[in-house]
> 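The structure's right below; bear with me while I get my questions together.
Proteins come first, then strands; the chains are lettered A, B, ... in the order of their sequence lines, and each starts at number 1.
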Protein chains: 2
Amino acid sequence: MPALSDRIHMLDSETKAVETPEDHAEELRLWLRLLTCTTLIEGEVRGRLRQRFDVTLPRFDLMAQLDKAPDGMTLSDVSKRMMVSNGNVTGLVERLVESGHLDRRTSETDRRVQVIRLTKLGRAEFRRMAAEHETWIADLFADLTPKDVRELMRLLAKTKASAQKSAARRRP
Amino acid sequence: MPALSDRIHMLDSETKAVETPEDHAEELRLWLRLLTCTTLIEGEVRGRLRQRFDVTLPRFDLMAQLDKAPDGMTLSDVSKRMMVSNGNVTGLVERLVESGHLDRRTSETDRRVQVIRLTKLGRAEFRRMAAEHETWIADLFADLTPKDVRELMRLLAKTKASAQKSAARRRP
DNA sequence: CCGAATTGTTTTAAGCCTAAAATGTTTTGA
DNA sequence: TCAAAACATTTTAGGCTTAAAACAATTCGG
């Protein structure tokens with residue numbers, strides 16, 4: 001219970017700048033637990049994708065983005081959505097075009113822009129994988145009640161907002 | 001509210017095997033949100049570590065494990081704790097030994113085993129980074145109340161258990 | 001005791017990922 | 001108009017990561 005240290009801090013802050021190093025052990029533990037959950041699930045999904053479909057997780061993720069955008073997306077859009085670097089997307093797309101899953105063309109109106117889409121093959125394969133993928137996720141979260149799921153959604157939304165705010169403070 | 005589809009499913013399951021593809025959109029959305037939170041925070045921490053200390057996140061994570069083990073750890077232990085592959089640890093350790101942050105020696109009692117420890121330099125540098133790192137995490141989670149933190153901890157513990165159970169079902 | 005499994009680590013091959021610099025294109029504003 | 005700024009992408013250099021195979025050492029069971 002952090003009440004005591006909170007009190008001390010508040011008393012301090014009324015009189016002078018805070019020098020006492022504050023205790024953030026709880027937040028740290030929360031972060032580690034969040035990371036553990038994600039790593040665990042991600043690893044499981046990665047392994048199943050490889051075993052069942054011989055596909056990598058990043059490839060699957062990229063195709064998932066494109067499946068939601070029938071008219072295609074620019075590389076920048078994909079990069080932002082996936083929260084990975086531009087250069088990363090370049091390579092990923094290269095390999096997916098090579099394997100026939102993606103179609104890439106230069107925009108008519110802006111020659112800087114590359115628009116990528118799923119090919120018919122790419123879409124078909126993705127849909128097949130996505131259907132099974134969904135059951136894996138359901139199984140991984142099977143012990144959570146619908147109420148747990150709702151509550152987690154809410155708290156993670158709050159977490160996301162908090163982290164975005166903090167990131168914006170540093171890099172405005 | 002999933003009550004209706006739940007009912008349908010329950011009625012079905014009493015009479016015959018379920019053929020209806022079930023809807024797991026909520027769990028899928030939860031997973032994506034979890035992943036977004038982690039990616040966001042991880043990216044932020046990665047950037048700050050690089051900027052402030054010119055160190056990579058995996059190096060920091062490895063040092064964090066060793067800081068908790070004054071008598072050292074074996075490579076396997078580290079690999080399990082970090083949830084990364086053995087080969088990954090080998091390379092990571094190589095570079096950290098090279099830079100003088102780690103000490104590695106073959107176990108006296110079992111010549112297969114490599115025991116690694118933080119050097120004095122490694123420990124000093126880690127402690128310096130960890131202190132600042134803790135404030136970043138606190139800031140990233142700043143908008144969560146203590147109650148939110150407790151509740152998230154509880155739900156993520158449940159999530160972790162559920163995922164581990166699911167993983168064990170597949171790979172017993 | 002000794003061959004077979006097991007365990008711990010390294011190697012290999014391929015792909016993923018980032019930050020930063022470079023390249024090419026479009027927009028902006030004096 | 002036209003140079004500077006902004007933008008989209010690619011390239012570069014280095015490091016991270018995995019799965020699988022290879023290697024080395026120990027343990028186990030007959």
Side-chain angles (χ1 to χ4, degrees), chain A residues 35 38-40 42-63 72-99 101-102 104-116 171, chain B residues 35 38-40 42-63 72-99 101-102 104-116 171:
Chain A
L35 188 56
T38 299
T39 306
L40 187 60
E42 202 173 47
E44 199 59 26
V45 171
R46 182 195 313 281
R48 298 192 197 202
L49 281 174
R50 172 176 297 273
Q51 262 200 328
R52 285 280 296 129
F53 303 112
D54 194 35
V55 75
T56 66
L57 183 52
R59 273 167 156 95
F60 178 82
D61 286 343
L62 177 35
M63 292 170 84
M73 297 174 79
T74 69
L75 294 199
S76 291
D77 287 346
V78 172
S79 164
K80 282 187 199 87
R81 289 292 194 99
M82 293 181 72
M83 298 194 280
V84 300
S85 66
N86 285 339
N88 190 357
V89 174
T90 296
L92 222 35
V93 166
E94 224 161 54
R95 288 182 288 270
L96 279 166
V97 168
E98 166 67 25
S99 64
H101 294 85
L102 257 55
R104 153 208 258 162
R105 62 188 57 172
T106 302
S107 162
E108 300 285 339
T109 58
D110 185 340
R111 278 180 303 171
R112 287 171 302 182
V113 173
Q114 302 286 316
V115 177
I116 54 176
R171 213 182 325 93
Chain B
L35 188 54
T38 300
T39 306
L40 187 60
E42 200 172 49
E44 199 59 25
V45 170
R46 183 196 312 282
R48 297 191 198 203
L49 280 174
R50 174 177 296 272
Q51 263 200 328
R52 285 280 296 130
F53 303 112
D54 193 35
V55 76
T56 67
L57 184 51
R59 274 166 154 95
F60 179 82
D61 286 344
L62 176 37
M63 291 171 82
M73 296 174 79
T74 69
L75 294 200
S76 291
D77 287 346
V78 172
S79 165
K80 283 187 198 87
R81 290 293 194 101
M82 292 181 74
M83 298 194 281
V84 300
S85 67
N86 286 338
N88 191 354
V89 173
T90 296
L92 223 34
V93 166
E94 225 162 51
R95 290 183 286 272
L96 279 165
V97 168
E98 167 65 26
S99 63
H101 294 85
L102 256 57
R104 154 207 258 163
R105 62 187 59 174
T106 303
S107 161
E108 300 286 338
T109 58
D110 185 340
R111 278 179 302 171
R112 288 171 302 182
V113 173
Q114 301 287 316
V115 178
I116 53 176
R171 211 182 325 91

> Quick one: B/Glu98 CD to D/dC16 P, roughly how many Å, whole number?
13 Å
> Using a strict heavy-atom distance below 4.0 Å, which residues from residues 53-62 of chain B are in contact with DNA chain D?
B/Thr56, B/Pro58, B/Arg59
> How is B/Thr90 classified with respect to the nucleic acid when contacts are heavy atoms under 4.0 Å: base, sugar-phosphate, or nothing?
base
> Yes or no on side chain to side chain donor-acceptor pair (under 3.5 Å) for A/Thr109 and A/Ser107, after CA distance, side-chain angles and deciding distance?
CA-CA 6 Å; A/Thr109 58; A/Ser107 162; 3.2 Å; yes
> Taking only the side-chain nitrogens and oxygens of B/Arg111, find out if one of them lies under 4.0 Å from OP1 or OP2 of D/dA24.
no
> Whole angstroms only, please: what is the CG-P distance between B/Leu75 and C/dT10?
5 Å
> What's the CD-C1' distance between B/Gln51 and C/dT18, to the nearest Å?
14 Å
> Classify A/Thr74 by what it touches in the nucleic acid, base, sugar-phosphate, or nothing, heavy-atom distance under 4.0 Å.
sugar-phosphate
> State whether B/Ser79 places a side-chain N or O below 4.0 Å from either non-bridging phosphate oxygen (OP1 or OP2) of C/dT9.
no
> If we only count heavy atoms from C-beta on, is the A/Val93 to A/Arg104 side-chain gap below 4.5 Å?
yes
> From CG of B/Asn86 over to C1' of D/dA25, roughly how many Å is that when rounded to an integer?
15 Å
> Which listed nucleotide (D/dG15, C/dT9, D/dT18) is nearest to the side chain of B/Asn88?
D/dT18
> Report which part of the nucleic acid B/Ser85 touches: base, sugar-phosphate, or nothing (heavy-atom distance under 4.0 Å, all strands).
base
> Rounded to the nearest angstrom, tell me the gap between atom CZ in A/Arg50 and atom C1' in D/dT18.
7 Å
> Please check: side-chain N/O of B/Ser79 versus main-chain N/O of B/Leu75, any donor-acceptor pairing under 3.5 Å?
no
> Do B/Asn88 and B/Thr90 come close enough that some side-chain heavy atom pair is under 4.5 Å?
no
> Quick one: does B/Thr56's side chain get under 4.5 Å of B/Leu49's, heavy atoms only?
no
> Does any part of the side chain of A/Arg59, heavy atoms only, come nearer than 4.5 Å to the side chain of A/His101, both counted from C-beta?
no
> Want to settle it: does B/Gly87 or A/Gln114 sit nearer the 5' end of DNA chain D, counting the closest nucleotide to each?
A/Gln114
> Can you tell which of D/dA19, C/dT9, D/dG15 lies closest to the side chain of B/Arg95?
D/dG15
> May I ask you to evaluate whether B/Arg104 reaches the phosphate of C/dT10, defined as a side-chain N or O under 4.0 Å from OP1 or OP2?
yes
> Please check if the side chain of A/Ser99 supplies one atom and the backbone of A/Leu96 the other of a donor-acceptor pair under 3.5 Å.
yes
> Relative to the 5' end of DNA chain C, which residue comes earlier, A/Leu92 or B/Gly47, by the nucleotide with the nearest heavy atom?
A/Leu92
> Rounded to whole Å, how long is the line connecting atom CZ of B/Arg112 with atom P of D/dT27?
6 Å
> Provide, to the nearest angstrom, the distance between the CZ atom belonging to A/Arg46 and the P atom belonging to C/dG15.
15 Å
> Rounded off to whole Å, could you give me the CG-to-P distance for the B/Leu49 and D/dG15 pair?
17 Å
> If you pin A/Met83 and B/Asp110 to their nearest nucleotides in DNA chain C, which one's is more 5'?
B/Asp110
> Name the closest nucleotide to the B/Val84 side chain, picking from C/dT10, D/dT18, C/dT18.
D/dT18
> We want to know whether B/Thr74 and B/Gln114 form a side-chain donor-acceptor pair, criterion being a heavy-atom distance below 3.5 angstrom.
no
